[in-house]
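The analysis underlying the following values was restricted to heavy atoms, covering all of them including side chains, and did not include hydrogens, waters or symmetry mates.
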Amino acid sequence: MTQRAPDQSRDGDFVHLHVHSEFSLLDGLSRIPEMTQRVADQGMKALALTDHGSMYGVIPFHAAAKQAGIKPIIGIEAYVAPRGMTDKDGKQDADYHHMILLARDDVGYRNLLALTTAAHLDGYYYKPRIDKELLAEHAQGLIGTSACLGGEVLKRLGQGDEAAAARAADEYRSILGDGNFFIEVQDHGIGEQQRLHPQLVELARRNNLPLVATNDTHYTSPDQYEAHDLLVCIQTASNLDTPGRMRFENNEFYLKSAAQMRRLFNGELPDAMDNTLLIAERCDVNLDSTGLRLPHFEVPAGESEASWLRKECER
């Protein structure tokens with residue numbers, strides 16, 4: 001799949017942008033203080049958090065990253081409905097697509113909040129889903145990537161429909177704006193991933209879409225593979241010896257060092273590695289945790305705050 005080049009990188013020359021914590025419930029094993037400290041110890045300057053469909057871990061992640069001396073990049077791995085997010089008809093609407101969304105700035109952060117809230121309140125069908133129409137309404141301040149084998153671009157390639165894959169990529173670029181949508185390349189030693197990799201890179205080059213290298217991280221260190229496998233069993237109501245159960249094919253889904261990632265991609269796709277640094281530089285969200293953040297409510301004329309609040313609670 002890739003040429004293996006001698007490592008000539010410094011430890012800080014890569015940023016993980018596809019990362020699941022324990023807040024990817026029953027899917028991620030990494031505890032936030034552990035993962036942020038591991039990244040800092042490896043000399044990397046930033047780390048993203050992209051939990052599945054949720055932002056439960058954002059506040060502790062932001063605090064832990066700051067304490068570890070690294071830049072926190074706030075994101076989600078969204079579920080994109082194949083039709084509209086309010087369509088909930090059988091299996092056709094359960095075949096959602098994965099997509100990584102990262103906040104470039106405070107506007108992007110607020111848009112992530114809006115998308116995630118709507119996904120749970122209005123789009124929930126097996127998973128909290130958004131759709132392209134809603135994404136277009138809340139695209140300002142966001143960077144997106146095509147995600148993993150569960151993303152729409154790779155799904156279409158896997159189905160043998162290169163034209164549909166290219167249309168999907170172009171649609172996401174149109175929604176997010178030029179320079180804000182990246183084709184994500186991964187190398188976990190998975191057969192389907194390796195088979196589709198040349199087509200994916202060719203699609204990106206042909207359509208002038210930037211590449212970005214990631215490792216789909218679900219646990220912090222390689223010695224946690226078996227514990228994570230047990231977590232997957234709980235998620236799928238399976239035993240370790242259940243035939244055909246869902247499992248991660250190998251022990252590649254941890255927070256690899258920059259040197260390990262450079263060995264995977266530097267020979268063939270140095271730009272995909274460098275773009276992780278570019279994205280990290282562009283993302284800057286400031287979550288000021290000082291003081292209170294209380295909403296403002298207009299109290300009707302002639303009402304005291306206390307009496308109005310009582311009436312609203314009773315209503």
Side-chain angles (χ1 to χ4, degrees), residues 1-21 28 30 34-50 65 68-73 75 77 100 102 143-149 151 153-154 179 181-205 209-225 248-283:
M1 173 175 172
T2 55
Q3 302 172 23
R4 310 290 172 165
D7 175 55
Q8 297 177 341
S9 66
R10 300 183 304 275
D11 283 345
D13 285 347
F14 175 76
V15 174
H16 280 285
L17 298 173
H18 190 142
V19 182
H20 300 285
S21 76
S30 294
E34 175 189 35
M35 58 193 263
T36 51
Q37 191 58 53
R38 179 178 175 89
V39 164
D41 291 344
Q42 290 178 337
M44 288 180 268
K45 306 302 182 186
L47 176 68
L49 181 68
T50 57
I70 61 174
K71 177 192 274 192
I73 300 170
E77 184 164 11
I100 296 293
L102 305 171
I143 290 173
T145 80
S146 60
C148 52
L149 286 167
V153 176
L154 267 173
F181 179 67
F182 291 74
I183 296 295
E184 193 169 335
V185 289
Q186 300 178 339
D187 186 354
H188 302 104
I190 298 172
E192 184 73 349
Q193 211 171 58
Q194 294 176 327
R195 182 180 73 84
L196 297 175
H197 176 77
Q199 294 173 258
L200 185 64
V201 173
E202 172 59 25
L203 182 150
R205 301 299 194 208
L209 288 161
L211 294 164
V212 64
T214 71
N215 206 64
D216 190 356
T217 301
H218 287 254
Y219 45 97
T220 303
S221 57
D223 61 345
Q224 295 174 334
Y225 173 75
F248 283 48
E249 291 187 22
N250 53 44
N251 191 359
E252 298 290 339
F253 295 84
Y254 62 94
L255 275 170
K256 294 178 179 176
S257 69
Q260 287 173 299
M261 295 301 295
R262 287 276 173 183
R263 283 194 293 271
L264 286 174
F265 292 106
N266 230 21
E268 180 195 9
L269 302 173
D271 55 322
M273 292 291 297
D274 294 339
N275 281 339
T276 68
L277 307 176
L278 173 67
I279 290 172
E281 289 175 2
R282 293 177 61 194
C283 292

Hits for salt bridge (charged side-chain N to carboxylate O under 4.0 Å, His left out) against Arg195, two or more places apart or cross-chain, chain-then-number order -> Glu192
d(Ile279 CD1, Ile73 CD1) to nearest 0.5 Å is 8.0 Å
Nearest heavy-atom approach of Val39 to Ala46 is CG1-O, 3.7 Å
Any donor and acceptor pair, going by atom type alone, linking the side chain of Lys71 with main-chain N or O of Cys283 inside 3.5 Å?
yes
**OP:** Given side chain to side chain contact (heavy atoms under 4.5 Å, CB included), test Met261 with Asn215 step by step and report yes or no.
**Re:** CA-CA 8 Å; Met261 295 301 295; Asn215 206 64; 3.9 Å; yes
For Gln224, the side-chain contact (heavy atoms from CB on, under 4.5 Å) test, sequence neighbours excluded, returns Leu29, Glu34, Tyr219, Thr220, Ser221
| request: Assign the ring pair Phe253 / His218 to parallel, tilted or perpendicular, where the plane angle (0 to 90°) is split at 30° and 60°. | output: perpendicular
Of all heavy-atom pairs linking Ala213 and Met273, the shortest is CB-SD, 3.9 Å
The reported gap from CG in Leu211 to OG1 in Thr145 (rounded to nearest 0.5 angstrom) is 11.5 Å
The reported gap from CG in Asp187 to CG in Asp216 (rounded to nearest 0.5 angstrom) is 12.5 Å
Examine distances only and state if a side-chain atom of Gln193 and a backbone atom of His188 form a donor-acceptor pair shorter than 3.5 Å. yes
Give the intermediate values and the outcome of side chain to side chain contact (heavy atoms under 4.5 Å, CB included) for residues Val185 and His197. CA-CA 7 Å; Val185 289; His197 176 77; 4.1 Å; yes
Check this for me, if you would: do Asp271 and Arg205 make a salt bridge, where the nitrogen-to-carboxylate-oxygen distance has to be below 4.0 angstrom? yes
When you compare the side chains of Ser146 and Glu184, does any donor N or O come within less than 3.5 Å of an acceptor on the partner? no
#### Entry: Side-chain heavy atoms of Thr50 within contact of Leu17, under 4.5 Å
no
Output for pair (Lys256 NZ, Thr214 OG1), nearest 0.5 Å, gives 10.0 Å
Here the pair of heavy atoms bringing Gln186 nearest to Cys148 is OE1-CB, 3.7 Å
In short, Ala40 meets Ala68 closest at the heavy-atom pair CB-O, 3.5 Å
In this structure, CG of Leu154 is separated from CD1 of Ile183 (nearest 0.5 Å) by 8.0 Å
* Thr217 side chain vs Val19 backbone, donor-acceptor pair below 3.5 Å -> no
Between Gln42 and His16, do the side chains contain a donor N or O and an acceptor N or O under 3.5 Å apart?
no
One should read off an interatomic distance between Phe182 CZ and Asn275 CG, to the nearest 0.5 angstrom, of 5.0 Å
**Prompt:** Do Gln199 and Glu202 have side-chain heavy atoms sitting under 4.5 Å apart?
**Reply:** no
### Task
Given side chain to side chain contact (heavy atoms under 4.5 Å, CB included), test Leu255 with Met35 step by step and report yes or no.
CA-CA 8 Å; Leu255 275 170; Met35 58 193 263; 3.6 Å; yes
